[in-house]
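First up is the structure itself, then whatever we jot down about it.
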Amino acid sequence: MKIILLGPPGAGKGTLAHLIKERFGICPIATGDILRDAMKSGSPIGQKVKKYVESGELVPDEVVTAIIENKLMTDKNIEKGYMLDGFPRTKPQAEELDRILERINRPLDCAVYMEVSLPVIIQRLTGRRVCRECGDLFHVTNKPPHQSGRCDECGGEIYQRPDDNEETIRTRMDVYLKNTAPVIGYYRSLGKLQEVDGSRDSRELLNDLVDGLNERKRTNQDKIR
Ligand code: AP5
């Protein structure tokens, strides 16, 4: 499986990525997580990107593209496939990704576009909680942890992301509509867009995605014959 997860903030990209990892053993490459880890470590990249991430603006293309290139070039499990969560987010990032994938000879199967309405996004993001240790995702009403403030998986402390407040969520949405919506058109024009309903239950959504990927594979094989 060689896919990209595309969609607005709160579409459920991270949640779906977690389920794909569970079922197929492919680890997500999530730019948001990588940037937050860099910020936590206080590295030069972390210091450079902090102001963008905390305000909901995009980190400059060259910074995230270099991160992705490094990950894809050094990933020992690339034979199994890859799953990019949160990248590309601009057309130049998408074009640069094409060049990297060509270089490593691992062409994309498809870009999965998860569509969700704004009220659902706000409800999901304002209620989201994340484990500080293992990154597991929770939600105050949709998926509360068994023990308040503690992760079900590892017992780590659960926190709210600083960019998950209503004002920053609206900035992230504006940024998404301006910069990332054109990326959807880009993959549609290449015939590589797989659309799924992000408001569905995430396990049902995974089944829809797997059906869609199998259908795509069959169609491609028919074209070759
Ligand atoms: P990033 O971390 O990628 O944030 P995002 O795209 O805004 O996406 P989220 O992580 O907020 O949402 P998600 O779709 O993963 O939803 P989740 O599964 O968690 O990026 C953060 C920042 O980093 C950016 O603003 C930018 O500054 C920078 N950045 C990152 N990549 C960049 C790039 N390529 N270029 C430039 N800058 C970049 O779900 C949300 C909640 O909903 C959870 O609580 C979950 O439990 C719940 N939920 C999920 N799915 C369902 C469902 N089906 N039903 C019910 N509840 C659900």
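Atoms considered below: every heavy atom in the structure, side chains included; atoms not considered: hydrogens, waters and symmetry mates. Every number for a ligand or one of its atoms is a count from 1 in the order of the listing.
Close contacts between ligand 1 and Q93 involve ligand atoms 33 (C), 34 (N), 35 (N), 36 (C) [criterion: under 4.0 Å to a heavy atom]. Per-residue contacts place T31 under 4.0 angstrom from the following atoms of ligand 1 (heavy atoms of the residue considered): 30 (C), 31 (N), 32 (C), 34 (N). Near G14, meaning under 4.0 Å from one of its heavy atoms, ligand 1 places the atoms 13 (P), 15 (O), 18 (O). Within ligand 1, counting atoms from 1 as listed, the ones closer than 4.0 Å to a heavy atom of L125 are 11 (O). Close contacts between ligand 1 and A11 involve ligand atoms 14 (O) [criterion: under 4.0 Å to a heavy atom].
Under 4.0 angstrom from ligand 1, the non-hydrogen atoms of T15 come from both its backbone and its side chain. With a 4.0 Å heavy-atom cut-off, ligand 1 is reached by no atom of K143. At a heavy-atom distance under 4.0 Å, only side-chain atoms of L137, from C-beta outward, approach ligand 1.
Nearest protein neighbour of atom 12 (O) of ligand 1, counting heavy atoms only, is G10 N, 2.9 Å. Given atom 19 (O) of ligand 1, the protein heavy atom at minimum distance is R128 NH1, 2.6 Å. At the shortest separation from atom 32 (C) of ligand 1 among protein heavy atoms lies R89 CD, 3.4 Å. At the top of the distance list for atom 44 (O) of ligand 1, counting protein heavy atoms only, stands F138 O, 2.9 Å. Here the heavy atom of the protein found nearest to atom 4 (O) of ligand 1 is R161 NH2, 3.3 Å. Scanning the protein heavy atoms around atom 29 (N) of ligand 1, the nearest turns out to be L35 CD1, 3.5 Å. At the shortest separation from atom 53 (N) of ligand 1 among protein heavy atoms lies R200 O, 2.8 Å. Distance from atom 47 (C) of ligand 1 to its nearest protein heavy atom, with residue and atom name: R124 CD, 4.1 Å.
By the 6.0 Å contact criterion, CD on E22 is enclosed, its count of non-hydrogen atoms from other residues, nucleotides or ligands being greater than 12.
The closest heavy-atom contact to atom 22 (C) of ligand 1, among the options V53, L5, V140, T168, comes from V53. Nearest to atom 16 (O) of ligand 1 by heavy-atom distance, out of G12, P8, S202, is G12.
For the pair R172 and ligand 1, a heavy-atom separation below 4.0 Å is found. Not a single heavy atom of Y176 sits under 4.0 Å from any atom of ligand 1. Residue contact check for ligand 1: R36 places a non-hydrogen atom closer than 4.0 Å to it.
At least one side-chain heavy atom of M114 sits less than 4.5 Å from a side-chain heavy atom of K13.
Between the Q47 side chain and the G42 main chain, a donor and an acceptor come within less than 3.5 Å of each other.
Geometrically, R132 engages Y159 in a cation-pi contact defined by less than 6.0 Å to the ring centre and at most 45° from the axis. Relative to the six-membered ring of Y186, K91 misses at least one condition, a distance below 6.0 Å or an angle of at most 45° to the axis.
Checking each of L206, L137, I20, L205 against T15 for a side-chain contact (heavy atoms from CB on, under 4.5 Å) leaves exactly one that passes, namely L137.
There is a path of hydrophobic side-chain contacts, each under 4.5 Å, that joins F87 to I184.
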